[in-house]
Amino acid sequence: MPKIQFYPLDATYRVKADKPVIYIFGRAADGKTITVVDDSFKPYFWVILEQGEDPAAFMKSVNGMSEKVKDDVLTIINADKHKKDYLGDEVEAIRITVNQPKAVVHFRDVFRNKSEVKDVMEADILFVRRYLIDNRIVPATLHEVEGEQAKENFRTGYVIKAESIAQISDDSIEPKILAFDIETYNPEGKNVDSERHPIVMLSLYGKDMKKVITWKKFPTKHDYIEFVDGEADLLTAFKEAVDHYRPDVIVGYFSDGFDFPYIKTRAEKYKIRLDLGWDGSEIRTSKGASPTVSSTGMVHIDIYRFIKFILGGSLKTDRYDLTSVSSELLGDKKTGVDLDKLAEAWDNSSDLLDEYCEYNLHDSFLTYSLCEKVMPNIIELVKIVSLPLFEASRMRFSQLVENYLIRQAHAHNVLAPNKPTNDEVRSRLTRTFKGAFVFEPKPGLYEDIVVFDFRSLYPTIIASHNITPENLNRNCPPEKREHVPFEDERRRKSVWFCKSRKKFIPRMIEELITRRMRIKEIIRKKKDKMLEARAYSLKILANAFYGYLGFYASRWYSFDCADSVTAWGRHYIHQSIEGARKKGFTVIYSDTDSVFFTLEGKDKKEALSFVEGINNELPELMELEFEGFYPRGIFVGAKLTGFGAKKKYALLDEHGKMTVKGFEVVRRNWSLIAKETQEEVLRIVLEENDVDKAEEYVQDVVKKLRQNSIDLAKVKISTQLTKDISSYEAEGPHVAAAKRMESKGLPVGPGSIIEYVITGGKEKIRDRARLLDEISQDDYDPDYYVNNQVIPAVERIFEVLGKDIKETVAEKDQSKLGEFF
DNA sequence: CCATATCGGGG
DNA sequence: GTGTACGATATGG
């Protein structure tokens, strides 16, 4: 029988004659598209009987049950029993195998109401998911199917009726990606309306495809522009181009929420079928709070969602528009055209349309580049959770953990707990957790600072202390009980975990930690993009476990588990702090998993041996790591925010490298002169320990500001708009500047970077904001830059050093005035 | 103050 | 489709 190697990408099922048939779509190793048909798998779920009930009698009574519900015949085709781990106990669970997925729902409800049934389990794991898990099929990796060509009508190179399918290697596909983007007619500005306004341009970008389709003619040099006769033709041309290119992945930016729904609405107007599915089906929208759009076979990825939800935490940007994300990830950004004028240009068939087409293609290019860049991360997640790309690329952290656990539960003979009921969710939401310990730094200048932090603190606590619901206060001889070191005595007495045997969640997390350590070891010797993506995936997954245990909607939720993790965290950090103090070090700062202390004349080696001592006492997986040694550091009086004090400090290491946290230098909306002065003051103080010199430096800057000899580029302030100009309640200088730009016909909106300078005068600051091309060197206001930029940037640093820089500067000004008169 | 609604992204 | 989510912020009672 023929064998074909292929990479599964997507899967679905259909019921034929009351029998489910699985279809796996993918790319064969020879490049052709493939459909694999498998009708051998049956849906099932589990029943747990009440104590004392007879499994044999139950199985006999239910086996063969059959009911006709509407047009479906729903039948129990088998009932057998297996030893399974049910919430930590080994039980005889009864597996109910049925003829089709709908029968699961039906019999689930029937059994739930039976008095002899204690619980119904895994009756909500989707059929395709069940199939992939039970058959150990890992999407995006290399598999081999054995079977004959099937006579079914699919638009793929192969259609194989599978006799057997198996993963043959961990090698993953490099998917063929096609990005797309639309521009719409928008006479009402931001107010887009897919019912009334047409799509005027649509771009496609792939390795071998650069195309913009539009339906007004204008002169152009670009050979990638394809002119068609109207919007309907544009839609048809889009469909044909995608169909002809046959990508594995079609990608858009916010295409779940905008491009695809818009295209669908427009296509419906013309009764055009968007049958892009490899089975001939149309693209489908799923409504809800966050709608998705899917197509069978070809995988639709909305790269915005993946970047925001999965990579977001490790990016600096807090905005997820295409410009911000591209500039951070690719160092590129959208081309600047004014979209508010597109409708006008369209109406007049203006030559400007050529520029809009360039812009349209560039957005597809950025989307393509982003997708290509993060694809290793998507694929590694796919492999870990064993879900198709469509689902894996849309997951949140909680779903990532949950799907990983469900996948592993099957491999470890564990029954996945059920999802919480609405009532349960409500009650979970009322409880809050005590967080991490923070030791506030005393403002001051410190010498010989050593920093240590716990490597993966929460994951290692879960693994080391066996923290999991199945181990909480149950089935354990007293001598094996480990009480959680809560500060509250009652809680300490009442919450304990059994140490005797590693249970499911701790075992899973231990595996993640050790796998990641092995990979890191390999990467150290030889860099590898895929391995780095894998190490990153394992890290974010392990780190998400603590949050998952305390997440209200999770299957493995446990208030006591989540609360115990932070209690252990506080315990270990306190222990480290106390240990350091006993050895004669002075602890200056600590937050969650890190400790900063000063050597107090002792040798660096003594600090290292202290940590070695701590590590000898720690459980095996836990480790307090040496983070760095800093000959000098400064901690500055923190401004109280709603969440407590914000941390502000700067450290200088032995090689002269400065680490700055929480100071304005790292923020954008300060002028360069303020940032530079702050950085230089920090450098003089830390490197040379010379406060007088720092003071002189500031005085010199002030003098130059007063002479208006500081370059305009250094007094320029850049601020990013976060919303529409009209929706700002308080008009700050950046809003005033944005309005000036708008009045000059420059495109401004959310995401635009506004650059302005404050000029002299008696009006409000916002009325003195000017754009760079409106002013010359002498126009900036020295007073503003001295009092509102430079002084505030360095004030607290000098405060720590016992100086009032305001006074120093004022005196100098005063004496100068004296000389003058 | 707490509960409920809206937004995010996109043109 | 063996289904529907999340978290921050603004608004209203």
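Here is the naming used below: chain letters follow the sequence lines, and residue numbers restart at 1 for every chain.
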(request) Using whole Å, report how far OH of A:Y253 lies from P of B:dG8. (result) 13 Å
Please list, for nucleotides 6-9 of chain C, all pairs of protein and nucleotide N/O atoms separated by less than 3.5 Å.
from	atom 1	to	atom 2	distance (Å)
C:dC6	OP2	A:Y552	OH	3.4
C:dC6	O4'	A:R396	NH1	2.2
C:dC6	O2	A:R396	NH2	3.3

(message) Can you measure A:R426 atom CZ to B:dA3 atom C1' for me and round it to whole angstrom units?
(response) 14 Å
(request) Starting from C1' on B:dG8, measure out to CG on A:D302 and report it in whole angstrom. (result) 12 Å
(message) I need the full list of salt bridge (Lys or Arg N to Asp or Glu O under 4.0 Å) pairs touching residues 291-310 of chain A, with sequence neighbours left out, sorted by first then second residue.
(response) A:D256-A:R305
(request) Indicate, with a heavy-atom threshold strictly under 4.0 Å, whether A:Y320 touches base, sugar-phosphate, or nothing. (result) sugar-phosphate
(request) Figure out the NZ/C1' separation between A:K341 and B:dG11, and round it to whole Å. (result) 14 Å
(request) Could you tell me the separation between the CG atom of A:D256 and the P atom of B:dG8, rounded to a whole number of Å? (result) 17 Å
(message) The side chain of A:A123 is closest to which nucleotide in this list: B:dG11, C:dT2, B:dG10?
(response) C:dT2
(request) Calculate the interatomic distance between A:E122 atom CD and C:dT2 atom P; express it in whole Å. (result) 15 Å
(request) Would you mind classifying the nucleic acid contact of A:S286 as base, sugar-phosphate or nothing, using non-hydrogen atoms under 4.0 angstrom? (result) base
(request) Starting at atom CZ of A:R196, determine the distance to atom C1' of B:dG11, rounded to an integer number of angstrom. (result) 13 Å
(request) When you get a sec, tell me which of B:dG11, C:dT2, B:dG10 is the closest nucleotide to the side chain of A:N186? (result) B:dG11
(request) Determine the interplanar angle of the A:F25 and A:W278 rings, folded into 0 to 90°, and report it as parallel if under 30°, tilted if 30 to 60°, perpendicular if over 60°. (result) perpendicular
(request) Using ring pair (Phe, Tyr, Trp, His ring centres under 6.0 Å) as the criterion, list what pairs up with A:H197, not counting sequence neighbours. (result) A:Y185
(message) Quick check for you: among B:dG10, C:dT2, B:dG11, whose closest atom lies nearest to any side-chain atom of A:P101?
(response) C:dT2
(request) Only pairs at least two apart or in different chains count here, so list each salt bridge (Lys or Arg N to Asp or Glu O under 4.0 Å) that has a residue in residues 95-104 of chain A. (result) A:D72-A:K102, A:D80-A:R95
(request) Hey, can you tell me if A:Y368 and A:Y205 have their rings parallel, tilted or perpendicular (30° and 60° cut-offs)? (result) tilted
(request) Could you tell me whether A:R130 contacts a base, only the sugar-phosphate backbone, or nothing, with contacts defined as non-hydrogen atoms closer than 4.0 Å? (result) base
(request) Could you list the residues that satisfy ring pair (Phe, Tyr, Trp, His ring centres under 6.0 Å) with A:F309, not counting sequence neighbours? (result) none
(request) Calculate the interatomic distance between A:R305 atom CZ and B:dG10 atom C1'; express it in whole Å. (result) 14 Å
(request) List for me each residue that meets ring pair (Phe, Tyr, Trp, His ring centres under 6.0 Å) alongside A:F41, sequence neighbours excluded, and say none if there are none. (result) A:F127, A:Y131
(request) State whether the distance check finds a donor on one side and an acceptor on the other, under 3.5 Å, for side chain A:D321 versus base B:dG10. (result) no
